[in-house]
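This report refers to the structure that appears directly beneath it.
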Amino acid sequence: MPEAVKKPTEEGLEAAVEYWWEAGDFLRATGDSTHIDEVSTSDCDLCQSQRNRWTEIYDLGGWAETGPTEVGVQFTNIDNGGLGGTGAIVVSESPSQVYQPNGSPGGSGDGSDDRPWAISAVFDEEEQLWKLEGLEPQG
């Protein structure tokens with residue numbers, strides 16, 4: 001985790017957003033949700049659905065092949081006295097292939113290019129780091 005994630009600044013928020021997507025790549029590649037859990041609130045529906053989906057695939061003996069996600073932060077805005085933030089990002093995801101425990105192909109994804117997303121986050125004062133609480137695809 002970048003040190004910037006632990007600072008209640010726009011740079012920290014941007015670092016948290018980028019780290020969340022990197023942690024998502026790690027989750028899809030390994031089934032390990034440790035890193036995405038660190039920077040997600042329990043109220044983040046997308047965060048929890050990603051966590052549950054991918055840990056279940058791996059718990060059942062499946063796996064996935066996927067490439068990295070590219071994230072471009074368009075803007076961020078700090079509000080609520082520095083404890084909250086919003087922003088807009090553009091995400092390009094690599095194609096992916098999920099495999100069943102017996103090695104046969106399961107679901108696949110074509111990936112996406114430059115898809116806009118809106119984000120919201122909170123700075124957790126107790127843990128001293130940014131956590132994503134909302135990610136919504138736009139358009």
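Note that this is a predicted model, so its numbers are computed, not measured.
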Side-chain donor-acceptor pairs under 3.5 Å in residues 86-94, sequence neighbours left out?
unit_1: S92; atom_1: OG; unit_2: D114; atom_2: N; d: 2.9
unit_1: S92; atom_1: OG; unit_2: D114; atom_2: OD1; d: 3.3
unit_1: S94; atom_1: OG; unit_2: P68; atom_2: O; d: 2.7

Could you go through the side-chain contact (heavy atoms from CB on, under 4.5 Å) check for Y19 and L129 one step at a time? CA-CA 12 Å; Y19 181 71; L129 57 86; over 6 Å; no
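- Between the side chains of D43 and T41, not a single donor N or O lies within less than 3.5 Å of an accepting N or O.
- Counting only residues at least two apart or in different chains, salt bridge (charged side-chain N to carboxylate O under 4.0 Å, His left out) contacts with residues 118-136 comprise D124-K131, E127-K131.
- Under the salt bridge (charged side-chain N to carboxylate O under 4.0 Å, His left out) criterion, the residue pairs touching residues 8-25 are D25-R28, with sequence neighbours excluded.
- By the 4.5 Å heavy-atom criterion applied to side chains, I78 and T9 are not counted as neighbours.
- In plain terms, the two heavy atoms of C44 and L132 that are nearest each other are CB-O, 3.7 Å.
- To the nearest 0.5 Å, the span separating OG on S120 from CG on L13 amounts to 9.5 Å.
- The closest side-chain heavy-atom distance from I36 to C47 is not below 4.5 Å.
- F26 and V17 are assigned to two separate hydrophobic clusters, defined by single-linkage of ILVMFWY side chains at heavy-atom distances under 4.5 Å.
- In this structure, N102 places its CG atom where more than 12 heavy-atom neighbours from other residues, nucleotides or ligands lie under 6.0 Å away.
- For residues 45-68, the set of pairs meeting the salt bridge (charged side-chain N to carboxylate O under 4.0 Å, His left out) definition, not counting sequence neighbours, comprises D37-R51.
- Residues S33 and W54 form no side-chain contact, since every pair of their non-hydrogen atoms from C-beta on lies 4.5 Å or further apart.
- Counting heavy-atom neighbours within 6.0 Å of Q100 CD, excluding the residue itself, gives a total above 12.
- T55 contributes atom OG1, which lies 7.0 Å from atom CG of L27 (distance to the nearest 0.5 angstrom).
- In this view, K6 and E3 satisfy the salt bridge (charged side-chain N to carboxylate O under 4.0 Å, His left out) rule, not counting sequence neighbours.
- Sorted by first and then second residue, the ring-ring contact (aromatic ring centres under 6.0 Å, His included) pairs with a member in residues 96-139 read W21-W117, W63-Y99, F123-W130; sequence neighbours excluded.
- Going from atom CG of L135 over to atom OG of S40 covers 8.0 Å, rounded to the nearest 0.5 Å.
- Across all non-hydrogen atoms, the minimal contact from Q138 to A118 is NE2-CB, 3.6 Å.
- V39 is listed as a side-chain neighbour of M1, based on a closest heavy-atom distance under 4.5 Å.
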